[in-house]
Amino acid sequence: MALTIYGIFASRAVRPLWAAQELGLPYTHVPTPYQGGATRTPEFLALNPNGRIPVLVDERPEGRVVVWESMACALYLARHYGKGDGSDLAPVSPAEDAEALRWAFWAVTELEADALCVLMHRLGLPPERRDAGKLAAAERRLRGPLKVLEDHLAARAAHGLDHLAAARFTIADLCVACVANWARPSQELMHAFPRVHDWLQRCHARPAYQVLKAAAKGQG
């Protein structure tokens with residue numbers, strides 16, 4: 001087995017990078033930015049014809065497996081490299097697998113676009129390019145899905161559980177936290193949904209994420 005992950009920490013590539021780190025997998029990280037043409041070379045397009053990061057390449061005894069789309073990469077790693085015994089983030093049952101799938105797809109469809117808008121118009125873009133109208137609209141739309149997440153966390157807490165799909169941190173938490181994290185610069189939203197805020201803080205305080213974050217700073 002030889003894993004290679006193309007992408008950078010400050011992108012959707014954080015999802016498979018974090019999953020690999022949580023699982024303790026050896027992998028080669030090829031820092032590939034999404035700007036500057038790095039994803040438009042013939043070599044990269046041979047891996048992902050969409051010209052986007054991340055890309056995961058798994059050299060297996062039976063042949064090479066290439067995965068693109070960040071959530072697919074993260075879920076693939078959990079499914080095929082997790083122990084499946086409750087000791088790591090991999091699902092241990094069909095029920096946990098279903099939770100991982102539904103929350104990962106939910107994060108992409110219900111959260112991602114508006115959360116990215118919040119990130120860009122609060123922090124990512126130069127001040128002169130930030131649009132207060134777009135930001136306000138995105139924050140308003142996020143209140144719906146964030147309430148869904150807040151209510152789910154409250155229901156879990158009522159049973160003494162503090163993660164999305166199990167009594168431990170799983171790939172479901174990782175997939176949603178990577179997306180919801182983009183909304184954290186909005187203090188208004190974090191105050192409105194304190195359980196989401198607390199859960200996000202706990203997820204991103206995990207050693208595996210902190211290792212990646214420190215490595216990214218070192219590369220920068």
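Partner of Val176 under the side-chain contact (heavy atoms from CB on, under 4.5 Å) criterion, out of Leu164, Val108, Leu200, Ile171: Leu164 alone.
Under the 3.5 Å distance criterion, with hydrogens and angles disregarded, a donor-acceptor pair is assigned to the side chains of Asp58 and Tyr81. Between the side chains of Arg12 and Ser70, not a single donor N or O lies within less than 3.5 Å of an accepting N or O. No side-chain N or O of Asp114 forms a donor-acceptor pair with one of Trp182 less than 3.5 Å apart.
Val57 and Leu77 are not part of a single hydrophobic cluster, where members link through side-chain heavy atoms under 4.5 Å apart. In this structure, Met120 is a member of the same hydrophobic cluster as Leu123, with clusters built from ILVMFWY side-chain heavy atoms closer than 4.5 Å. Note: the hydrophobic cluster containing Tyr209 also contains Ile5 (ILVMFWY, side chain heavy atoms under 4.5 Å, direct or indirect links).
Checked against a 6.0 Å centroid threshold, the rings of Trp18 and Tyr27 do not count as neighbours.
No donor-acceptor pair closer than 3.5 Å links the side chain of Asn181 to the backbone N or O of Cys178. A donor-acceptor pair is defined here as one N or O able to donate and one able to accept, closer than 3.5 Å; no such pair exists between the side chain of His197 and the backbone of Phe193. Between the Arg130 side chain and the Arg122 main chain, a donor and an acceptor come within less than 3.5 Å of each other. Of the possible polar contacts, one joining the Asp131 side chain to the Gly133 backbone as a donor-acceptor pair under 3.5 Å is found. The backbone N or O of Val30 lies less than 3.5 Å from a partner atom in the side chain of Thr32, making a donor-acceptor pair.
In this structure, the separation between CG on Leu119 and CZ on Arg184 is 11.5 Å, given to the nearest 0.5 Å.
Remark: Arg52 fails to qualify as a cation-pi partner of Tyr34 under the 6.0 Å distance and 45° angle criteria applied to the six-membered ring. The cationic atom of Arg156 (NZ for Lys, CZ for Arg) does not lie both less than 6.0 Å from the six-membered ring centre of Trp103 and within 45° of the ring axis.
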Carefully, step by step, assess Arg79 and Asp97 under the rule salt bridge (charged side-chain N to carboxylate O under 4.0 Å, His left out). CA-CA 9 Å; Arg79 179 171 292 185; Asp97 195 32; 2.8 Å; yes
